[in-house]
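Accompanying notes for the structure given below.
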Amino acid sequence: MSRIMNQAAVTMNQIQNKLDIIGNNISNNGTTGYKSRQVEFSSLLNQQINNLNSPENAEGRLTPVGIRVGTGAGLGAIRLNQQQGSLIETSRALDAALTGENMFFQVNRVENGQEETVYTRDGSFYLSPAEGDTLALTTSDGHPIIGQEGPIEIQDGFDSVEFNDQGQLIVTRGDNQAAEAELAIMEAVRPSALEAQGDNFFSVSAEADADEIIQAYAGEGAVIHPQSLEQSNVDLSRAMTDMVAAQRLYQFNSRSITMGDQMSGLVNTIRS
């Protein structure tokens, strides 16, 4: 395969990955608390092809003698955009939207018998039956929400329940009103080190030091906006523009392969 065809084929493969990421962003435009991904490209290995040494060639030249031939481009990094999404009022008692960037709810997820702690920005919570007459605060998929003292559970038989702006779960029973639990809000010190796990969850790699990546939030003031949800921070117009640009770049590289094939055919015809 010629050099130009090899470069185009390698780049096309990476552009396809970018299109997949853009498509994932667009499909999650309506997902609560979703954070978009942005792709950064970088050049792959370059080969320096030097010319014969000649004083005339070096006269007035600022760049190295010869040419640098690349082998295409690849995904340099996939960056998580932690910008705060807009908030929407839901008037639902168990909805809570985080008010700051890099803050997460803590969730206890059990899959295939394995228990792990994951993090999410989705604050649409539910009360699910637990042991006896207790109710557990969970995600929409039934994963328990972790509070300051472990998974949040309250006794049944209350009149109403709601969050305050400190993340406390206020339960009303007759004339008595008390905070029976409090959300464990976490802050990502290094949000770029979080790994996406699907289902709008993030986690810390088992090989990494969790304390260096995410810690308990130690700030003051309001941490959540009650009865609200954070919308996705996907900029749909930008995502569509990026998709069109990536598709055109894919077409240009595809055309390069076609032209390289035609040139090879022409050379073979001349030789024969």
Give, for atom [atom1] of [X] and atom [atom2] of [Y], the distance between the pair rounded to the nearest 0.5 Å.
X: N253; Y: Q14; atom1: CG; atom2: CD; value: 11.5 Å
X: L169; Y: F158; atom1: CG; atom2: CZ; value: 8.5 Å
X: N102; Y: I214; atom1: CG; atom2: CD1; value: 9.0 Å
X: L135; Y: I154; atom1: CG; atom2: CD1; value: 6.0 Å
X: L137; Y: L94; atom1: CG; atom2: CG; value: 6.5 Å
X: Q155; Y: E180; atom1: CD; atom2: CD; value: 8.0 Å

Specify the closest pair of heavy atoms between [X] and [Y], including all atoms of both residues, with the distance to one decimal.
X: S203; Y: T117; answer: CB-O, 4.4 Å
X: A196; Y: R37; answer: CB-NH2, 3.0 Å
X: N233; Y: N81; answer: ND2-O, 2.9 Å
X: N25; Y: V234; answer: O-CG2, 3.5 Å
X: S237; Y: D235; answer: OG-OD1, 2.8 Å
X: L80; Y: Q82; answer: CD2-NE2, 3.0 Å

I'd like to know if the side chain of [X] reaches the main chain of [Y], judged simply by a donor and an acceptor atom lying under 3.5 Å from each other, with no hydrogens or angles considered.
X: Q215; Y: D211; value: yes
X: S27; Y: G23; value: yes
X: E230; Y: Y34; value: no
X: D165; Y: H225; value: no
X: N24; Y: D20; value: no
X: T120; Y: N200; value: yes
X: D141; Y: H143; value: no

If you apply the rule side chain to side chain donor-acceptor pair (under 3.5 Å), what do you find for S228 with E89, and how did you get there? CA-CA 4 Å; S228 300; E89 298 282 348; 3.2 Å; yes
Would one find more than 12 heavy atoms of other residues, nucleotides or ligands at under 6.0 Å from atom CZ of F252?
no
Point to revise | Working for side chain to side chain donor-acceptor pair (under 3.5 Å), residues Q231 and S86 | key: CA-CA 5 Å; Q231 295 181 302; S86 58; 2.7 Å; yes
| field | Pair V161-L127, side chain to side chain contact (heavy atoms under 4.5 Å, CB included): steps then yes or no | value | CA-CA 10 Å; V161 60; L127 288 174; 4.1 Å; yes
Any side-chain heavy-atom pair from [X] and [Y] closer than 4.5 angstrom?
X: R121; Y: M103; answer: yes
X: T134; Y: D156; answer: no
X: L87; Y: L229; answer: no
X: R109; Y: F201; answer: yes
X: T258; Y: R255; answer: yes
X: M186; Y: Y217; answer: no
X: Q38; Y: R238; answer: yes
X: V107; Y: T139; answer: yes

Apply side chain to side chain contact (heavy atoms under 4.5 Å, CB included) to residues I26 and M243 and explain how you reach the verdict. CA-CA 10 Å; I26 294 175; M243 175 170 283; 3.9 Å; yes
Test side chain to side chain contact (heavy atoms under 4.5 Å, CB included) on E212 and R190 and set out the steps.
-> CA-CA 7 Å; E212 294 182 357; R190 294 171 51 200; 4.2 Å; yes
Check your understanding: With the 4.5 Å side-chain cut-off for hydrophobic clustering, are F163 and I185 part of the same group?
Key -> yes
| Is it true that F104 and V223 fall in one hydrophobic cluster, defined by side-chain heavy atoms closer than 4.5 Å? | no
- Task: Evaluate salt bridge (Lys or Arg N to Asp or Glu O under 4.0 Å) for K35 paired with E101, printing each intermediate quantity in order.
- Result: CA-CA 11 Å; K35 298 303 176 186; E101 296 181 5; over 6 Å; no
Check against side chain to side chain contact (heavy atoms under 4.5 Å, CB included), I145 and F125
CA-CA 8 Å; I145 303 300; F125 301 135; 3.5 Å; yes
Might you work through the side chain to side chain donor-acceptor pair (under 3.5 Å) test for S124 and T32, ending with a clear yes or no? CA-CA 8 Å; S124 53; T32 301; 5.3 Å; no
Practice problem: Step by step, work out the side chain to side chain donor-acceptor pair (under 3.5 Å) result for Q177 and T172. | Solution: CA-CA 4 Å; Q177 190 177 66; T172 302; 3.1 Å; yes
Hey, would you say the Y119 and F105 ring centroids sit under 6.0 Å apart? no
Contacts of D95 meeting salt bridge (Lys or Arg N to Asp or Glu O under 4.0 Å) (sequence neighbours excluded), chain-then-number -> R92
